[in-house]
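Here the structure comes first, spelled out in structure tokens, and everything after it is commentary.
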Amino acid sequence: MRDNVWMRWPSREALSRVGVHKARRVLARVTRAVVLATLVATTLTNPELGGWALAEGIAGIVVCGILAWGFWRATLEHRLLPSLALLALLLAVASVGHQAGFRVPALVLLCGCAVAAIERLPLVAALPATAVALSVYAAFDDDAWLTTAATTVGLALAGYVLRLDAEARAGAQRLLAQERAARAAEAESAALAERARIAREIHDVLAHSLSAQLVHLEAARLLIERGADREVILERVVAARGMAREGLSETRQALSALRGEMTPLEDFLGELVATADRAGVTVTGERQPLPAEASQAVRRVAQEALTNVRKHAPGAAVQIRLDYGEHEVTLDVRDSGGKPGELSGSGAGYGLLGMRERAELLGGSLDAGPGEEGFVVTLKVPV
């Protein structure tokens with residue numbers, strides 16, 4: 001539904017003091033105090049007034065202050081009928097005051113009503129109310145008609161300028177509030193993304209470490225069931241303990257990576273193949289620093305691929321090839337194949353699936369499947 005500008009109230013931000021500079025608020029208060037003091041002084045020094053007339057004048061000023069405060073509150077709450085009623089009472093007080101001899105306070109009150117009406121009411125009500133106030137002012141004013149006309153036009157323009165200024169201030173306040181909300185949402189989103197990243201890193205480290213331990217522990221269980229030698233069983237248990245230590249080390253590395261403290265990727269792959277039998281690594285292309293997420297993806301895929309070789313093709317030769325391209329880095333892990341190991345059925349099979357999801361989050365891809373001899377895992381990540 002289209003908004004009707006004539007029926008629309010000034011926003012509550014425009015009608016309130018929100019966003020008004022402190023110096024401007026102080027200036028407004030000083031101006032109101034000066035006007036009030038002038039009106040009181042004019043009333044008290046009027047030689048034509050005395051006795052009860054002075055008391056009535058002071059009482060009238062107090063009543064006008066109360067009515068003006070009520071008008072301010074009613075307009076702030078967008079209550080049209082109470083606002084118009086209070087404005088009508090103010091005009092009535094001004095008329096009565098003028099008839100009682102309080103000419104200057106009455107004219108000032110009429111001017112204030114005219115400006116306040118056009119500044120704080122919907123235009124459909126503001127224009128008639130302002131017209132009434134200015135008409136009464138013109139009727140009571142003793143100046144030349146040209147001066148009176150200029151004054152009434154100036155008051156109307158002043159009220160409208162104040163209205164536009166208040167709306168502009170309110171618009172700035174709304175934009176500022178939206179910007180703050182957007183920044184808060186952005187910060188919250190970044191925090192959630194960082195939490196997800198940390199959770200993903202720790203999950204991948206633990207999944208790799210525990211999966212490797214499971215390989216050796218499951219082998220130890222099978223050896224025990226078959227009555228194997230104590231030394232053979234102990235070798236598997238020691239290997240599982242070594243995997244647990246490696247898992248702790250990898251967890252520390254992951255935490256260091258999250259802090260931006262990572263060893264070079266080539267060194268990491270070299271250390272990785274050093275712990276595996278019949279494994280080698282080749283690096284091609286112009287070496288370049290990778291973003292933390294891309295570097296972590298390469299590391300985790302290499303670890304997962306070697307773990308799968310231990311499970312599904314124990315003893316197979318593994319060749320890791322890392323290629324730095326112009327726009328992407330490619331990791332290729334190939335094994336020579338072999339007979340399935342006793343633990344080929346262990347695990348849930350979610351390791352490479354998680355790596356594929358990680359690659360897709362980075363805009364890359366991961367392919368895994370049989371090769372010419374064994375199994376091939378290929379990761380491509382944009383840089």
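- Between the side chain of Thr152 and the backbone N or O of Leu134 there is no donor-acceptor pair closer than 3.5 Å.
- Evaluation of the salt bridge (Lys or Arg N to Asp or Glu O under 4.0 Å) rule for Glu179 yields Arg183 as partners, not counting sequence neighbours.
- Environment of CD in Glu167: crowded, with over 12 heavy atoms of neighbouring residues, nucleotides or ligands closer than 6.0 Å.
- Residues satisfying the side chain to side chain contact (heavy atoms under 4.5 Å, CB included) criterion with Val161, sequence neighbours excluded, are absent altogether.
- Although no hydrogens or angles enter the test, the distance criterion places no donor-acceptor pair under 3.5 Å between the side chain of Arg356 and the main chain of Asp367.
- Listed by chain and residue number, Leu67 satisfy the side chain to side chain contact (heavy atoms under 4.5 Å, CB included) test with Val63 (two or more places apart in sequence, or in another chain).
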Please determine whether salt bridge (charged side-chain N to carboxylate O under 4.0 Å, His left out) holds for the pair Asp141 and Arg103, giving the CA-CA distance in whole Å, both sets of side-chain angles, and the decisive distance to 0.1 Å. CA-CA 9 Å; Asp141 191 21; Arg103 177 178 175 276; 3.6 Å; yes
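- Around atom CD of Glu225, more than 12 heavy atoms belonging to other residues, nucleotides or ligands sit under 6.0 Å away.
- Atom NE2 of residue His98 and atom CG of residue Leu109 lie 12.0 Å apart, to the nearest 0.5 angstrom.
- Around CD of Gln288, the count of heavy atoms belonging to other residues, nucleotides or ligands within 6.0 Å exceeds 12.
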Before giving the answer on side chain to side chain contact (heavy atoms under 4.5 Å, CB included), spell out for Val301 and Leu366 the whole-Å C-alpha distance, their side-chain angles and the decisive distance to 0.1 Å. CA-CA 9 Å; Val301 169; Leu366 186 140; 3.6 Å; yes
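- Under 4.0 Å is where a charged nitrogen must lie from a carboxylate oxygen, and between Glu13 and Arg174 at least one such pair does.
- Side-chain atoms of Ser365 and Glu360 include no donor-acceptor pair closer than 3.5 Å.
- Residue pairs that meet the side-chain hydrogen bond (donor to acceptor under 3.5 Å, both in side chains) test with at least one member in residues 73-83, sequence neighbours left out, are Arg73-Glu77, Thr75-Arg120, Glu77-Arg79.
- In this structure, the side chain of Thr148 engages the main chain of Ala144 through a donor-acceptor pair within 3.5 Å.
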From CA spacing to verdict: side chain to side chain contact (heavy atoms under 4.5 Å, CB included), Leu322, Leu269: CA-CA 9 Å; Leu322 179 66; Leu269 294 178; 3.9 Å; yes
Pair Asp332-Arg334, salt bridge (charged side-chain N to carboxylate O under 4.0 Å, His left out): steps then yes or no: CA-CA 7 Å; Asp332 188 83; Arg334 298 173 180 267; 2.6 Å; yes
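- Side chains of Phe140 and Ser95 form a contact here, defined as non-hydrogen atoms less than 4.5 Å apart.
- For Tyr324, there are no ring-ring contact (aromatic ring centres under 6.0 Å, His included) partners at least two apart in sequence or on another chain.
- With sequence neighbours excluded, the residues satisfying side chain to side chain contact (heavy atoms under 4.5 Å, CB included) with Glu231 are Asp229.
- Cluster membership check: Val318 shares its hydrophobic cluster with Leu265, using side-chain heavy-atom separations under 4.5 Å among Ile, Leu, Val, Met, Phe, Trp and Tyr.
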